[in-house]
Amino acid sequence: MLGDAVEGLKNFAVKTGLTAERVLLLFSGGKDSSLALYLLKEAGLDVSALTFFHRWSWKEPLRWTMKFTKKLGVEHFLVDITDGLLREAVGRKGPVCINCKKVMLWNARWFAANNGFDILAKGDNANDKIIGALLDQCEGDIRLCEIPRIGIPTLRPLIRYTATEVEALAEEARIRPYRMYEHARRRQWREGCPLQYIDREEVVTPELMDLAYRVNYGVSKIARRRKVRVSVRVPSFEVMCWDCDPDTLEEIKRTLSAFDRR
């Protein structure tokens, strides 16, 4: 299956002229973007990785991304978007992710334009919300599309693969990203950063962002050790857990009691 995926991407690259272009992949270090980077590299494209981080990003997955790109022999850029995120998010109600994605997209466009890249690439798969009304506007193959209209085409090498197929391909390629054992929104591994757990109707402040990081980093240690998936909303301190037993919940409760909830 992996060989077919690489060969299919090679053929698509030749057909569309991608072999002569410089590609910049938005690389979070999750399974989707890691597989996309792997396939682009194996298909022989001139690809580099761009990872955004901020003050509240998980440190362990970030270190994993650097090891992964080094192993692949891929140029890897790291860009701190803390200031931009603060400008966009503070004073507004959640979710913070909407503001963060906006900051990342426009920083990616700026970075690509100023560093000689022709194509942006993303790890979107067939289960992502972008499928449907948005990509229906594309002319031709949705793998290479001018949507969103930011002045540079977007390549989505995984857009025809379901989340289950991505899991299988990543396993075949032995891609196993570092996990924080977040609860996430779905049972599929869909991790991000702790700021996504700020309560939806809460006005975002730097102090609340700090609390979201500290609380969720604390419970992640329990989750990793017990092999369950846990996240905590703040400031409500609502615990979300897949497969937690009473002992695990009690340990989480004791850990949370150490935090100032004001």
Side-chain angles (χ1 to χ4, degrees), residues 25-34 36 50-62 65 78-111 120-125 127-135 147-148 150 154 156 158-159 163 166 177-217 219-220 223 229-240 242:
L25 175 80
L26 301 184
F27 180 46
S28 68
K31 192 162 285 187
D32 290 357
S33 63
S34 299
L50 174 63
T51 299
F52 293 114
F53 68 96
H54 48 70
R55 194 164 81 207
W56 306 274
S57 296
W58 300 127
K59 305 301 186 296
E60 292 85 350
L62 185 60
T65 67
L78 302 175
V79 175
D80 187 343
I81 60 167
T82 298
D83 290 344
L85 180 58
L86 285 169
R87 284 195 301 270
E88 290 294 326
V90 171
R92 301 182 183 182
K93 291 184 178 181
V96 174
C97 300
I98 294 174
N99 301 306
C100 192
K101 287 178 180 178
K102 177 181 176 183
V103 172
M104 287 192 290
L105 182 62
W106 288 106
N107 271 277
R109 172 67 185 92
W110 179 90
F111 189 94
L120 277 181
K122 298 182 68 180
D124 300 323
N125 68 51
N127 290 93
D128 287 321
K129 291 181 180 179
I130 193 169
I131 280 284
L134 188 57
L135 289 190
I147 305 295
I150 58 173
T154 300
R156 297 178 173 88
L158 305 182
I159 199 64
V166 168
Y178 189 95
R179 303 298 191 188
M180 294 300 293
Y181 284 80
E182 290 181 48
H183 176 270
R185 293 183 294 275
R186 291 176 279 181
R187 272 194 178 271
Q188 293 103 335
W189 287 106
R190 200 69 168 178
E191 298 192 329
C193 87
L195 300 186
Q196 67 180 306
Y197 302 112
I198 294 175
D199 288 318
R200 182 172 293 272
E201 293 304 314
E202 200 71 25
V203 174
V204 177
T205 66
E207 293 75 20
L208 198 52
M209 296 161 93
D210 290 342
L211 182 63
Y213 177 85
R214 291 187 293 110
V215 166
N216 281 284
Y217 191 79
V219 299
S220 74
R229 293 170 58 183
V230 183
S231 296
V232 178
R233 296 192 185 279
V234 295
S236 66
F237 277 63
E238 175 192 354
V239 176
M240 301 174 290
W242 294 115

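Fair warning: this is a prediction, and the values are worked out from it, not measured in the lab. Sequence positions, counted from 1, serve as the residue numbers for this chain.
With rounding to the nearest 0.5 Å, the separation of CZ in Arg179 from NZ in Lys31 is 5.0 Å. Rounding to the nearest 0.5 Å places CZ of Arg233 at 10.0 Å from CG of Asn216. The distance from atom CD of Gln196 to atom CD1 of Ile98, rounded to the nearest 0.5 Å, is 12.5 Å.
Listed here is the closest heavy atom pair of Arg109 and Ile150: NE-O, 2.5 Å. Pairing each heavy atom of Ala89 with each of Asn99, the nearest pair is CA-ND2, 3.8 Å. Taking all atoms of both residues into account, the shortest heavy-atom contact from Tyr213 to Ser57 is CE1-O, 3.8 Å. Closest approach of Ala212 to Leu195, counting heavy atoms only: CB-CD2, 4.4 Å. Of all the heavy atoms in Asp128 and Gly123, the pair that sits closest is OD2-O, 4.4 Å. In plain terms, the two heavy atoms of Asp199 and Ser236 that are nearest each other are OD2-N, 2.9 Å.
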### Message
For a side-chain contact (heavy atoms from CB on, under 4.5 Å) check, start with the C-alpha distance between Leu78 and Leu62, then their side-chain angles and the critical distance, and finish with the verdict.
### Response
CA-CA 9 Å; Leu78 302 175; Leu62 185 60; 4.1 Å; yes

request  = Could you please spell out the steps behind the side-chain contact (heavy atoms from CB on, under 4.5 Å) verdict for Met209 and Val90?
outcome  = CA-CA 9 Å; Met209 296 161 93; Val90 171; 4.3 Å; yes

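Within the 4.5 Å cutoff, the side chain of Asp124 has no heavy atoms near those of the Leu158 side chain. Side chains of Tyr217 and Lys59 form no contact here, defined as non-hydrogen atoms less than 4.5 Å apart. Looking only at side-chain heavy atoms (C-beta outward), Phe237 and Leu211 come within less than 4.5 Å of each other. Counting heavy atoms from C-beta outward, Phe53 and Asp80 have side chains that approach closer than 4.5 Å. By the 4.5 Å heavy-atom criterion applied to side chains, Leu85 and Val96 are counted as neighbours. Under the 4.5 Å side-chain criterion, counting only non-hydrogen atoms from C-beta, Val203 is in contact with Lys93. Side-chain contact between Leu26 and Ser33 is absent, with no heavy-atom pair separated by less than 4.5 Å.
Between the side chain of Glu182 and the backbone N or O of Gly192, at least one donor-acceptor pair lies under 3.5 Å. Side-chain atoms of Thr51 come within 3.5 Å of backbone N or O of Phe27 as a donor-acceptor pair. Of the possible polar contacts, none joining the Thr65 side chain to the Gly29 backbone as a donor-acceptor pair under 3.5 Å is found.
With sequence neighbours excluded, the residues that form a side chain to side chain donor-acceptor pair (under 3.5 Å) with Ser231 are Tyr197. Looking at residues two or more places apart in sequence or on another chain, you find a side chain to side chain contact (heavy atoms under 4.5 Å, CB included) between Pro61 and Trp58, Tyr178, Met180. For the side chain to side chain contact (heavy atoms under 4.5 Å, CB included) test, residues two or more places apart in sequence or in another chain that qualify with Ile81 are Phe52, His54, Val79, Cys100, Val103, Met104, Asn107.
A salt bridge links Asp210 with Arg55: at least one charged nitrogen is closer than 4.0 Å to a carboxylate oxygen.
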